[in-house]
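The figures that follow rest on heavy atoms only: side chains count, while hydrogens, waters and symmetry mates do not. In this text, all values refer to a predicted model and were calculated from it rather than measured experimentally.
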Amino acid sequence: MVLSGLGKSLSGAVNRILSRGPIDKQAILELKNEILRALLEADINFNLASQMAENLHQRALTEKPPMGISRKDAMVNIVYEELTSIMGGTAYSLDIQKKRVNILMMIGIQGSGKTTTIGKLAKFLKHDRWNVGLVCTDTWRPGALDQLKQLGDKVGVETFGIPEEKNAVKIASKGIKHLTDAGKNIIIVDTAGRHKEEKDLLKEMVKLDKKVKPDEIILVIDGTLGQSAFNQAKAFAQTTNIGSIIVTKLDGTAKGGGAISAAAATGAPIKFIGLGEDITELEKFDPKGFASRILGLGDITGIIDQVERAQIMPDEDRARAMMKGNVSYNDMLDLFKSMGKFGGIRKLLDKLPGGLSHNVDDNMLATSKESMKDFQNIILSMTNDERDAIIKLNRSRIDRIAMGAGVTSDKVRELVKQKQVSEKWIKQMMKTGKRRGKKGQAGLPFNMMDM
Ligand SMILES: Nc1nc2c(ncn2[C@@H]2O[C@H](COP(=O)(O)OP(=O)(O)OP(=O)(O)O)[C@@H](O)[C@H]2O)c(=O)[nH]1
Ligand SMILES: [Mg+2]
């Protein structure tokens, strides 16, 4: 299984933290070394592994656990965050839109799993009600069209190919036209993985790219390659504009962590992983879910949730001041940052106790990311006293701050108003842990859509 190699030794190290006595410097050092060993065993690149172990060490020594969180839980959370980060950080979706015909082109070296993955992806997308069609441009592999057609038939999607044609670009053009006319809104183009010579393969890829103009080029990488996946992915990325990566064959390799971290290190997001030969064995890739599975502890999700919540909540002094209705611009800056981190106000509210995001009218959440950025710049242009809200913002201060932040004075006034609403709202939140009032009333402090 994908998690076998990396999973066992990492979760072993984490389990040892949880079961031992107090966490001191020596324990932190031991953990660092154990984690480094586990990462190297899983074929994670040495520099990446040492960087992660070093970050872990530094953070464990210097970061104060959030309020209400034990040192041990904070350490487990740091391991989780660092692991998530080397696996790519966040989950990404395919760049597909209902209002256009989306063309996805699958590339990768022979045997990496392109054709199999196309079958899996077609099934996945069809299930999501997309109208999918496939094109086989592989004129090199004997039986390539039959293989794709078999998969297409299994899923129930149309497969286009011209058995006697040797020119991949011609097939691609005709196939796209045919499938577009047939009303498909996703066309997946399979390409050859072998050629007379490797440079011919890359040349063909460039030609196809120019003619097909895919909305997303998906690079398929064999997970059993471990960290050497990096060089392969780089070589492709230098020739074509890779939009995403799918790492296959993560079943039955102990090098999965190595391949995933290596692919993530190229900067292209990993969107799916292949976990078997069967057409159903494709999974959306989420670095967070993957990291918590690797750590494999029953209660790890609980710990991470608690830490995430504690990170959003203000510390004790601030909480007390806020309960009296005193919100400073610094508090607002923290909140804006948390929103960025958690991907929007709704997700942030979901993390807080009491299910705060219920009944929040979508209209209430509607202000752009730009406004958020403006508000942050405005606060950063204030003096310390202004940020602490010790000094009232009169007209000349507002004009000065606006100038410093490169926004209009009205924008600054908007923030001042938001602060007043926030004071009311946070007071309620702190008292009850719940938002009171009817849907769409009373108001959230910030009008923000999911970012
Ligand atoms: N175990 C396992 N095998 C896989 C996975 N994905 C693909 N395979 C196998 O890998 C082999 C090669 O897969 P293909 O899909 O033919 O690879 P390709 O990249 O299209 O190869 P070429 O067309 O020759 O370039 C097949 O035997 C697949 O069954 C996976 O996630 N797990
Ligand atoms: Mg193939």
Side-chain angles (χ1 to χ4, degrees), residues 94 96 100-128 130-222 236 239-240 242-244 246 248 272 274 277-282:
L94 287 173
I96 45 180
R100 68 174 185 213
V101 178
N102 301 276
I103 298 173
L104 310 177
M105 188 166 103
M106 207 65 91
I107 65 170
I109 67 153
Q110 56 172 291
S112 53
K114 295 177 293 300
T115 308
T116 311
T117 305
I118 288 176
K120 294 175 177 179
L121 199 56
K123 186 175 170 67
F124 179 93
L125 292 168
K126 192 179 174 212
H127 184 259
D128 275 356
W130 292 90
N131 193 354
V132 183
L134 312 178
V135 182
C136 173
T137 69
D138 182 353
T139 57
W140 288 90
R141 186 193 217 280
L145 176 56
D146 286 344
Q147 188 197 3
L148 189 68
K149 190 156 180 345
Q150 260 178 25
L151 289 164
D153 290 349
K154 205 167 178 181
V155 179
V157 303
E158 186 178 347
T159 305
F160 180 92
I162 312 175
E164 67 281 8
E165 178 60 69
K166 284 284 162 216
N167 184 329
V169 178
K170 266 192 195 155
I171 304 175
S173 305
K174 285 192 178 159
I176 289 167
K177 177 158 187 332
H178 171 83
L179 293 169
T180 305
D181 291 348
K184 310 294 172 197
N185 57 7
I186 293 195
I187 299 172
I188 313 180
V189 180
D190 195 8
T191 65
R194 69 189 73 187
H195 230 280
K196 267 200 311 278
E197 284 181 56
E198 195 177 314
K199 68 175 191 322
D200 293 333
L201 179 69
L202 292 175
K203 258 194 219 155
E204 182 172 289
M205 217 131 289
V206 174
K207 273 194 215 154
L208 274 170
D209 185 9
K210 271 202 187 128
K211 188 72 191 175
V212 167
K213 296 195 185 66
D215 296 293
E216 184 158 328
I217 295 183
I218 305 174
L219 173 65
V220 177
I221 292 267
D222 182 335
F236 275 98
T239 329
T240 39
I242 308 287
S244 57
I246 297 182
T248 60
F272 290 90
E277 293 190 69
D278 191 78
I279 201 138
T280 57
E281 288 169 311
L282 182 78

Engineer: Measure the spacing between CD1 of Ile188 and OG1 of Thr117 and express it to the nearest 0.5 Å.
Structural biologist: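 Nearest 0.5 Å value for the CD1-OG1 distance: 10.0 Å.
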Engineer: In Å, rounded to the nearest 0.5 Å, how long is the span from NZ of Lys203 to CG of Leu208?
Structural biologist: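 That separation rounds to 14.0 Å.
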Engineer: Evaluate Ile171 against Phe160 for side chain to side chain contact (heavy atoms under 4.5 Å, CB included), listing each step before the verdict.
Structural biologist: CA-CA 9 Å; Ile171 304 175; Phe160 180 92; 4.1 Å; yes
Engineer: Write down the atom of Val212, the atom of Ala172, and the distance for their closest heavy-atom approach.
Structural biologist: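 Here Val212 and Ala172 meet closest at CG2-CB, 3.5 Å.
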Engineer: Going through the checks in order, is the side chain to side chain contact (heavy atoms under 4.5 Å, CB included) test met by Ile118 and Leu151?
Structural biologist: CA-CA 8 Å; Ile118 288 176; Leu151 289 164; over 6 Å; no
Engineer: Is it true that a side-chain atom of Lys126 and a backbone atom of Val155 form a donor plus acceptor pair closer than 3.5 Å?
Structural biologist: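 Flag set: sc Lys126 to bb Val155 pair under 3.5 Å.
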Engineer: Output yes when a side-chain donor or acceptor of Asp138 lies under 3.5 Å from a complementary backbone atom of Ala144, and no otherwise.
Structural biologist: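 No, the answer is negative, given that no donor and acceptor are paired below the 3.5 Å cut-off.
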Engineer: Under the criterion side chain to side chain contact (heavy atoms under 4.5 Å, CB included), I'd like the reasoning laid out for Leu121 against Ile218: C-alpha separation, chi angles, the key distance, then a yes or no.
Structural biologist: CA-CA 11 Å; Leu121 199 56; Ile218 305 174; 4.1 Å; yes
Engineer: When Ile107 is tested against each of Leu202, Ile217, Val220 for side-chain contact (heavy atoms from CB on, under 4.5 Å), which residue passes?
Structural biologist: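 Between Ile107 and the candidates, side-chain contact (heavy atoms from CB on, under 4.5 Å) is satisfied uniquely by Ile217.
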Engineer: Using atom types as modelled, flag every donor-acceptor pair under 3.5 Å from a side chain in residues 175-186 to any protein atom, sequence neighbours excluded.
Structural biologist:
{"unit_1": "Lys177", "atom_1": "NZ", "unit_2": "Asp181", "atom_2": "OD2", "d": "2.8"}
{"unit_1": "His178", "atom_1": "NE2", "unit_2": "Glu158", "atom_2": "OE2", "d": "2.6"}
{"unit_1": "Thr180", "atom_1": "OG1", "unit_2": "Ile176", "atom_2": "O", "d": "2.5"}
{"unit_1": "Asn185", "atom_1": "OD1", "unit_2": "Asn131", "atom_2": "N", "d": "2.8"}

Engineer: Ser112 versus Ile221: any side-chain heavy-atom pair under 4.5 Å?
Structural biologist: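 They are not in contact (no side-chain heavy atoms under 4.5 Å apart), so the answer is no.
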Engineer: Roughly how far, to the nearest 0.5 Å, is the CZ atom of Arg141 from the SG atom of Cys136?
Structural biologist: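 The CZ atom of Arg141 is 10.0 Å from SG of Cys136, to the nearest 0.5 Å.
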Engineer: Between Thr240 and Asp209, do the side chains contain a donor N or O and an acceptor N or O under 3.5 Å apart?
Structural biologist: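 The criterion, which ignores hydrogens and geometry beyond distance, is not satisfied for Thr240 and Asp209.
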Engineer: Does either side chain, that of Glu216 or that of Ser244, offer a donor lying less than 3.5 Å from an acceptor on the other one?
Structural biologist: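 Yes.
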Engineer: Could you go through Phe236 and Ile109, starting from their C-alpha distance and side-chain angles, then the distance that decides it, and tell me whether this counts as side chain to side chain contact (heavy atoms under 4.5 Å, CB included)?
Structural biologist: CA-CA 9 Å; Phe236 275 98; Ile109 67 153; 3.7 Å; yes
Engineer: Measuring only between side-chain heavy atoms, which start at C-beta, is Lys123 closer than 4.5 Å to Thr280?
Structural biologist: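 Yes, at least one pair of side-chain atoms sits under 4.5 Å.
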Engineer: Say whether, by atom type as modelled, one donor and one acceptor occur between the side chain of Lys114 and the main chain of Gly108 under 3.5 angstrom.
Structural biologist: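 Here the side-chain-to-backbone pair exists.
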Engineer: With distance as the sole test, does Thr159 use its side chain to make a donor-acceptor pair with the main-chain N or O of Gly133 at under 3.5 Å?
Structural biologist: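 Flag not set: sc Thr159 to bb Gly133 has no pair under 3.5 Å.
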Engineer: Hey, are the side chains of Leu201 and Trp140 touching, using non-hydrogen atoms and a 4.5 Å cut-off?
Structural biologist: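 No, every pair of side-chain atoms sits at 4.5 Å or beyond.
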Engineer: Within the 4.5 Å heavy-atom criterion, are Thr191 and Glu204 side-chain neighbours or not?
Structural biologist: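 Result no, sub-4.5 Å side-chain heavy-atom pair not found.
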Engineer: Side-chain contact, heavy-atom cut-off 4.5 Å: Leu94 with Leu104?
Structural biologist: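 Touching, per the 4.5 Å side-chain cut-off.
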Engineer: Roughly how far apart are Thr115 OG1 and Asp190 CG, rounded to 0.5 Å?
Structural biologist: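 Separation between the atoms: 3.5 Å.
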Engineer: Considering only heavy atoms from C-beta outward, does the side chain of Ile96 approach that of Asp215 to under 4.5 Å?
Structural biologist: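 They are not in contact (no side-chain heavy atoms under 4.5 Å apart), so the answer is no.
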Engineer: So, are Lys120 and Asp278 salt-bridged, with charged N and O less than 4.0 Å apart?
Structural biologist: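 Judged by the 4.0 Å cut-off on N to carboxylate O distance, Lys120 and Asp278 do not form a salt bridge.
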Engineer: Rounded to the nearest 0.5 Å, how far apart are CD of Glu281 and CD1 of Ile279?
Structural biologist: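 Rounded to the nearest 0.5 Å, the CD-CD1 separation comes out at 10.5 Å.
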Engineer: Could you tell me whether the side chain of Thr248 reaches within less than 4.5 Å of the side chain of Thr116, counting heavy atoms only?
Structural biologist: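 Result no, sub-4.5 Å side-chain heavy-atom pair not found.
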Engineer: To the nearest 0.5 Å, what is the distance between CG (Asp200) and CE (Met205)?
Structural biologist: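 Between Asp200 CG and Met205 CE, I get 11.0 Å after rounding to 0.5 Å.
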Engineer: Are Val169 and Thr137 side-chain neighbours, meaning at least one heavy-atom pair lies under 4.5 Å?
Structural biologist: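 Val169 does not reach Thr137 side chain to side chain.
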